[in-house]
Amino acid sequence: MSTNVCTFCGRLGNNPEITILPSGKERVRFSIAVDRNYKRDDGTRPTDWISVVIWGSSAYVKKTNLHKGDKVVVSGRYEINEWTDNNGIKQFAGSLNCTNIELVEHKKSDKDKAVEDAIANQNNPMDEDDDLPF
């Protein structure tokens, strides 16, 4: 017996592209950036880019309003597609045929970060210049 089940957690590298094919079937495509769990000598962390395809329904993608930078967990079957280009050279590309996707978090905008910082500063009593009893 063999299995082909993959799960990736990463951030969307682009906004999902929803296409309705002539057959009426929906296809959603995007890529996610998945960091490796080690750093190079220069301190950078290598990133793998995973192409993701969802067939048949874009309802979840539309409902959750997924955008570039959002963190998701995707799972499904990893496929290697093969074709011959116009020059007669065989080409290969891998993609995840996604059967499950979950939103982990929306990317915070600069405005959201500024609001969070302002709230944190308001709630921090150590930043106040009140007269202390000691």
Side-chain angles (χ1 to χ4, degrees):
M1 181 178 148
S2 61
T3 59
N4 180 348
V5 178
C6 297
T7 301
F8 297 100
C9 180
R11 295 200 177 269
L12 271 70
N14 54 325
N15 290 330
E17 174 188 304
I18 300 171
T19 306
I20 299 176
L21 302 176
S23 65
K25 196 172 199 177
E26 291 181 319
R27 178 185 65 199
V28 179
R29 292 192 307 186
F30 56 89
S31 61
I32 61 170
V34 179
D35 290 336
R36 295 190 188 175
N37 62 354
Y38 67 90
K39 291 183 180 179
R40 295 182 179 130
D41 291 339
D42 64 1
T44 61
R45 191 175 297 274
T47 301
D48 293 309
W49 288 92
I50 309 298
S51 295
V52 179
V53 179
I54 302 172
W55 290 100
S57 177
S58 62
Y60 182 81
V61 172
K62 290 177 183 174
K63 181 179 85 172
T64 56
N65 202 18
L66 293 179
H67 291 292
K68 179 179 178 176
D70 291 344
K71 191 172 193 176
V72 295
V73 174
V74 293
S75 60
R77 181 179 66 250
Y78 198 76
E79 299 176 346
I80 305 294
N81 298 305
E82 177 184 335
W83 71 95
T84 303
D85 68 12
N86 293 337
N87 298 324
I89 299 171
K90 282 191 176 183
Q91 300 289 328
F92 301 90
S95 65
L96 181 75
N97 187 340
C98 182
T99 55
N100 188 38
I101 179 172
E102 294 293 329
L103 173 66
V104 176
E105 71 179 11
H106 283 294
K107 179 182 178 186
K108 294 179 183 169
S109 68
D110 291 338
K111 182 179 176 183
D112 294 336
K113 289 177 189 172
V115 169
E116 284 182 3
D117 289 345
I119 291 170
N121 288 336
Q122 286 176 352
N123 294 333
N124 188 350
M126 297 308 290
D127 289 341
E128 297 176 11
D129 290 333
D130 291 341
D131 291 335
L132 297 175
F134 52 91

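Only heavy atoms go into these numbers, but all of them, side chains included; no hydrogens, no water, no symmetry mates.
- Between L12 and H67, the closest side-chain pair of non-hydrogen atoms is not below 4.5 Å.
- Atom CZ of R45 and atom OH of Y38 lie 10.0 Å apart (nearest 0.5 Å).
- How far CD of E79 is from SG of C6: 10.5 Å, rounded to the nearest 0.5 Å.
- Two residues are said to be in side-chain contact when any heavy atoms from C-beta on lie closer than 4.5 Å; D48 and P46 fail this criterion.
- Of the possible donor and acceptor atoms, one in the side chain of Y60 sits under 3.5 Å from a partner among the backbone N and O of L103.
- The backbone N or O of S75 lies less than 3.5 Å from no partner atom in the side chain of N100, so there is not a single donor-acceptor pair.
- The minimum heavy-atom distance between G94 and I80, with the atom names listed, is CA-CD1, 3.8 Å.
- When all heavy atoms are compared, the tightest approach of S95 to N81 is OG-ND2, 3.9 Å.
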Item to check | Derivation of the side-chain contact (heavy atoms from CB on, under 4.5 Å) call for I101 and L66 | outcome: CA-CA 11 Å; I101 179 172; L66 293 179; 3.7 Å; yes

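- We find the CZ-CD1 distance between R27 and I18 to be 11.5 Å, quoted to the nearest 0.5 Å.
- Without hydrogens or angle criteria, D35 side chain to T47 main chain gives no donor-acceptor distance under 3.5 Å.
- F92 and Y78 fall within the same hydrophobic cluster, where Ile, Leu, Val, Met, Phe, Trp and Tyr residues are linked whenever their side-chain heavy atoms come under 4.5 Å apart, directly or through other members.
- Summarising the geometry, atom CD belonging to Q91 is positioned 8.5 Å from atom OG1 belonging to T84; distances are rounded to the nearest 0.5 Å.
- At distances below 3.5 Å, not a single donor-acceptor pair connects side-chain atoms of N87 with backbone N or O atoms of I89.
- Across all their heavy atoms, G76 and T99 have their closest contact at CA-OG1, 3.6 Å.
- Residues F30 and K68 form no side-chain contact, since every pair of their non-hydrogen atoms from C-beta on lies 4.5 Å or further apart.
- H106 contributes a side-chain N or O that, together with a main-chain N or O of T64, makes up a donor-acceptor pair within less than 3.5 Å.
- The environment of N86 atom CG is sparse: at most 12 non-hydrogen atoms of other residues, nucleotides or ligands sit within 6.0 angstrom.
- Note that CG of D70 is 12.0 Å distant from CD1 of I32, once rounded to the nearest 0.5 Å.
- Side-chain N or O atoms of R29 include none that pairs as donor or acceptor with a backbone N or O of V53 at under 3.5 Å.
- A side-chain donor-acceptor contact under 3.5 Å links N14 to the backbone of S31.
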